[in-house]
Each structure stands twice: as C-alpha cells, then as structure tokens.
Amino acid sequence: MASIIYRKQRCSNMENTRMGGKIALITGSSRGIGRAIAERLHEDGARIAINYSRNEKAALELKERLSGSEIFKADISNRNEVRDMIKEINKKLGRIDILVNNAGIFNLMPFEEYDEERVERMYAVNVKGAIYTTLEALDNLKKSMGVVLNIASNAGVGTAADNTTFYSMTKAAIIILTKRLSFELGKYKIRVNAIAPGWVESDMTIGGKTRDEIGTFEKFFMERTELNMIGKPEYIANIASFLCSDEAAFINGQVIVADGGRIDNLTHSL
Ligand code: NAD
C-alpha cells in the first residue's frame, strides 16, 4: 500500500517522466560517457547544465539537441572557475538537483616511470575536480535533497590493465569519496553513488587511434569479459539514469561495476 502511494506521489511530482523538471550538472559532458549521460537524462526529462573545459563547439552542438539545456565553461581542477560556473547555473537554470562528476583524464605510465607533473594533473582533475564541484554545488544539493553520481572506474577496484597504477589510484579515491560522502551528506538526504565502468569506447580510449589499433584493443578487451562485449557510453548512461532517479531512492554509498564481467580484474571482490 505504502509503495502504491509513493509511486503516485512520485509520478505527479515528476510530470510523468522519470526526471521531469530536474536540473542535472554533468561535468565534461561535451563528449564520451558524459555526453551519453547528458542525452539520457535529457530523454528522462531533465534539463542539462553541460560543463566543458575546451570544446565549446561540441558543447554548443549538444545544447542545440537538448532543449532547455545550457553550456558552462570551467576547468574543474580550478575551484574559482567551478564556483563561477555554479553561480552561472543558478542564474540560468535556477538550481541543481543532480550532479554527475564525470570529467576525468587518463595518463598511462609504468610505476617505475613516475612522472610527478602528469600524476598531479590526473589527481587535480579526477579527484580535486570532483571535490570542488561537489563542495560548490552543495548548497544547491541540500535544497533539492539531490543526488551525486561519481564516475569512477573498474581500475579503482583493481584492474589488470598495464600502466594504470596512478590512474587507478585516482579512481580508488573517487570510490572512497563516494562511500564517505554517503555518510557525510546522508543527513541532508543527498544520495551519493558511483559507477565503475570497464573499457568503454570513447575519445579517452579510442581517440586518435587507427581502425586497426581500435580493432586490436577491442579484441583484447572482449576476450577478457565474460560477456565477450565492448563497453558503450550508452550502457553507463542507462545505469546513471536509474541511479539518479527516484527509483534508486534506497541506494546510497554504492559502486556499480559495469565492465561486462572482466575475468582478469579484481572487481568481483567489491
Ligand atoms: P573522454 O576523454 O571522452 O571525456 C572526458 C571529458 O572530460 C571530456 O569532455 C573532457 O574535455 C572533460 N575534461 C577533462 N578534463 C577536464 C577538466 N579539467 N575540466 C572539465 N572537463 C574536463 O572520456 P570518457 O571515456 O567519456 O570518460 C568519462 C569518465 O569516465 C572519466 O572520469 C573517465 O576516467 C571515466 N572512465 C572511462 C572509461 C573508458 O573506458 N572510457 C572507463 C572507466 C572510467
């Protein structure tokens, strides 16, 4: 009975769509997984605050397709830029109900070739970026009793892929940030969860590679998933759609690994 009442209330509040009227800020959403999440949440009824750092053309192109959305330039590793972006979002869209900390960078490096500058840049974008954006969006999220979704990686749980040690450490940080914030922000009724994708076709993984190189990569990763599959941004967006919706109201502090069941990773131990 209670669940029937809850469903009815939810539907009327949401203008009969999954996320009708909600405002979702998605960092790094001009391409890749972020763009797929933006498209999916928009399809669910949300208006999107499209964050980009460099590619204004791609961000504008997406805005044209996603009615009611706006674009916001900010390098998330710069707290002042993030603060200004949040102010602009409030001016143009009014509030933030959903924050997807998606933007990230990936530098491959063997442990013995530790390069301080590149490792620090990864930490600044992947970890500090999520901290700054969540901190600056917090007043909004408190008001909306909103949702934070962090895009981690199966690397953060333990990937066998070569040269990923330092990247994996940044993603492990995102996983523990997710778990800790689920405690710290729970008192404001803010839910915090993460997705830990496996290898997904995007600019990060296939950008600048030849068709042959992509084929080799895909074969390598397909052979290492129980499902013999390659990840697509849409698979991650589907999970994001659920986790950001009220249908996931009872899910907090969780990390969903979506990697097709990698047989050479440690992800099964999560
Ligand atoms: P991508 O490179 O295609 O997209 C990343 C986006 O982040 C880009 O739009 C980029 O401009 C933006 N970005 C980078 N630095 C930024 C900054 N300082 N400020 C604002 N935006 C910035 O990569 P993707 O594959 O779509 O990755 C999205 C997220 O998913 C990342 O956090 C990545 O680590 C994670 N991830 C990707 C894979 C994969 O296989 N593709 C697997 C696991 C996790």
Side-chain angles (χ1 to χ4, degrees), residues 25-40 49-62 71-82 84-86 99-108 118 120-133 136 149-159 161 164 166-175 177-178 194-209 214 217-218 220-222 224-225 229-237 239-240 255-260 262 265 267:
L25 164 60
I26 304 165
T27 62
S29 49
S30 65
R31 71 181 200 193
I33 292 172
R35 181 175 60 199
I37 294 174
E39 288 167 343
R40 179 57 204 262
I50 301 163
N51 159 250
Y52 71 101
S53 57
R54 277 187 295 217
N55 196 341
E56 184 175 16
K57 189 165 171 268
L60 274 171
E61 220 171 84
L62 186 64
I71 64 168
F72 301 92
K73 181 175 165 66
D75 173 345
I76 57 156
S77 70
N78 180 322
R79 188 159 178 183
N80 290 332
E81 289 189 24
V82 173
D84 291 346
M85 168 175 74
I86 301 293
L99 165 63
V100 183
N101 285 312
N102 163 78
I105 59 171
F106 180 62
N107 281 324
L108 286 177
R118 289 171 73 215
E120 281 185 354
R121 183 64 193 152
M122 260 197 302
Y123 187 81
V125 177
N126 295 2
V127 183
K128 285 187 182 174
I131 295 172
Y132 293 158
T133 315
E136 295 299 335
L149 176 65
N150 294 324
I151 304 303
S153 168
N154 66 357
V157 188
T159 178
T164 56
F166 300 111
Y167 171 75
S168 299
M169 288 169 70
T170 67
K171 293 300 182 175
I174 287 298
I175 288 174
L177 179 71
T178 303
I195 305 174
W199 197 83
V200 172
E201 265 184 353
S202 72
D203 278 297
M204 180 177 275
T205 49
I206 62 172
K209 295 199 168 64
I214 294 169
F217 260 109
E218 293 196 340
F220 178 90
F221 285 106
M222 279 169 81
R224 282 162 179 75
T225 67
M229 281 171 79
I230 285 296
K232 304 269 183 204
E234 294 73 24
Y235 301 155
I236 308 308
I239 305 163
V255 181
I256 309 294
V257 176
D259 67 357
R262 278 285 292 277
N265 279 352
T267 50

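All ligand and atom numbering here is 1-based and tracks the order in the structure. In this text the structure is predicted, and so the values were computed from the model without any measurement.
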Is there a donor in the side chain of Asn154 and an acceptor in the side chain of Thr159, or the other way round, less than 3.5 Å apart? no
Does Ser30 come within less than 4.0 angstrom of ligand 1, counting non-hydrogen atoms of the residue? yes
Which of the ligand 1 atoms, numbered from 1, are nearer than 4.0 Å to a heavy atom of Asp75: 17 (C), 18 (N), 19 (N)
So does Lys73 have more than 12 non-hydrogen atoms from other groups sitting under 6.0 Å from NZ? yes
Please report whether ligand 1 has a polar contact with Asn102, defined as an N or O pair separated by less than 3.5 Å (distance criterion only). yes
So is Ala36 in contact with ligand 1, going by heavy-atom distances below 4.0 Å? no
Within 4.0 Å of some non-hydrogen atom of Asp203, the atoms of ligand 1 are 3 (O)
So is there a nitrogen or oxygen of Val200 less than 3.5 Å from a nitrogen or oxygen in ligand 1? yes
Proximity of Ser29 to ligand 1 by residue part, where a heavy atom lies under 4.0 Å: neither
Is it the side chain, the backbone, both or neither of Asn51 that has a heavy atom closer than 4.0 Å to ligand 1? side chain
If the cut-off is 4.0 Å to any non-hydrogen atom of Ala74, which atoms of ligand 1 fall inside it? 19 (N), 20 (C)
For atom 5 (C) of ligand 1, what's the nearest protein heavy-atom neighbour? Residue, atom name and distance, please. Gly104 O, 3.8 Å
Note, Ile195 side chain near Leu149 side chain (heavy atom, < 4.5 Å): yes
One finds that the ligand 1 atoms under 4.0 Å from a non-hydrogen atom of Gly32 are 3 (O), 26 (O)
Per-atom contacts of ligand 1 with Tyr167, taking only distances under 4.0 Å to non-hydrogen atoms: 33 (C), 34 (O), 35 (C), 36 (N), 44 (C)
Considering only heavy atoms, does Ala152 approach ligand 1 within less than 4.0 Å through its side chain, its backbone, both, or neither? backbone
Should Tyr52 and Phe72 count as side-chain neighbours, where that means a heavy-atom distance under 4.5 Å? no
Minimum-distance protein heavy atom relative to atom 19 (N) of ligand 1: Ile76 N, 3.0 Å
Provide, to 0.1 Å, the distance between atom 13 (N) of ligand 1 and the closest protein heavy atom, together with that atom's residue and name. Ala103 CB, 3.8 Å
Show me which atoms of ligand 1 lie under 4.0 Å from any heavy atom of Trp199. 40 (O)
What part of Phe106, side chain, backbone, both or neither, has a heavy atom within less than 4.0 angstrom of ligand 1? neither
Between the candidates Gly207, Ser202, Gly231, Gly198, which shows the shortest non-hydrogen contact distance to atom 38 (C) of ligand 1? Gly198
Using atom types as modelled, flag every donor-acceptor pair under 3.5 Å from a side chain in residues 167-174 to any protein atom, sequence neighbours excluded.
residue: Ser168; atom: OG; partner: Ala155; partner atom: O; Å: 3.3
residue: Ser168; atom: OG; partner: Thr164; partner atom: O; Å: 2.6
residue: Thr170; atom: OG1; partner: Asn126; partner atom: ND2; Å: 3.1
residue: Thr170; atom: OG1; partner: Tyr167; partner atom: O; Å: 2.6
residue: Lys171; atom: NZ; partner: Ile151; partner atom: O; Å: 3.0

Leu177 and Val127, any side-chain heavy atoms less than 4.5 Å apart: no
Ile105 heavy atoms, cut-off 4.0 Å: which ligand 1 atoms fall inside? 14 (C), 15 (N)
Flag this pair as yes if the NZ/CZ of Arg224 is under 6.0 angstrom from the six-membered ring centre of Phe220 and inside a 45 degree cone about the axis; otherwise no. yes
Any N or O on Arg31 sitting closer than 3.5 Å to an N or O of ligand 1? yes
Smallest separation among heavy atoms of Met85 and Ala74, with atom names: SD-CB, 3.8 Å
Side chain to side chain donor-acceptor pair (under 3.5 Å) contacts touching residues 30-40 (sequence neighbours left out): Glu39-Arg65, Arg40-Asp44, Arg40-Asn238, Arg40-Ser241
Val200 backbone acceptor or donor facing Thr205 side chain under 3.5 Å: yes
Check ligand 1 against Thr205 and write out every atom of the ligand that is under 4.0 Å from a heavy-atom position of the residue. 39 (C), 40 (O), 41 (N)
How long is the gap from CG on Asn107 to CD on Glu120, to the nearest 0.5 Å? 12.5 Å
Report the C-alpha separation of Leu25 and Thr133 in whole Å, then their side-chain angles, then the decisive distance to 0.1 Å, and conclude whether the side-chain contact (heavy atoms from CB on, under 4.5 Å) test is met. CA-CA 10 Å; Leu25 164 60; Thr133 315; 3.9 Å; yes
Applying a heavy-atom cut-off of 4.0 Å, say which part of Arg54 lies close to ligand 1: side chain, backbone, both or neither. neither
Less than 4.5 Å apart, side chain to side chain, heavy atoms only: is that true for Ile71 and Leu60? yes
Does ligand 1 have any atom that is closer than 4.0 Å to a heavy atom of Arg121? yes
Does some non-hydrogen atom of the protein lie less than 4.0 angstrom from atom 33 (C) of ligand 1? yes
Starting from atom 43 (C) of ligand 1, what is the nearest protein heavy atom, named by residue and atom, and what distance separates them? Pro197 O, 3.2 Å
Show, in sequence, the C-alpha distance, side-chain angles and deciding distance for Val125 and Ile76, and conclude whether the side-chain contact (heavy atoms from CB on, under 4.5 Å) test is met. CA-CA 6 Å; Val125 177; Ile76 57 156; 4.2 Å; yes
Contact check, Thr27 vs ligand 1, heavy-atom distance below 4.0 Å: no
Is there a polar contact between ligand 1 and Ser153, counting only N or O atoms under 3.5 Å apart? no
Tell me the protein heavy atom at minimum distance from atom 27 (O) of ligand 1, and give that distance in Å. Met204 CE, 3.9 Å
Does the residue Glu201 have a heavy-atom contact with ligand 1, meaning some pair of atoms that are separated by less than 4.0 Å? no
What part of Val125, side chain, backbone, both or neither, has a heavy atom within less than 4.0 angstrom of ligand 1? side chain
Charged N to carboxylate O under 4.0 angstrom, Lys128 versus Asp75? no
Any side-chain heavy-atom pair from Met229 and Met222 closer than 4.5 angstrom? no
Minimum-distance protein heavy atom relative to atom 12 (C) of ligand 1: Gly28 CA, 3.7 Å
Does Ser77 use its side chain to pair, donor to acceptor, with the backbone of Gly129 at less than 3.5 Å? no
Using a 3.5 Å cut-off on N or O atoms only, is Ile33 in polar contact with ligand 1? yes
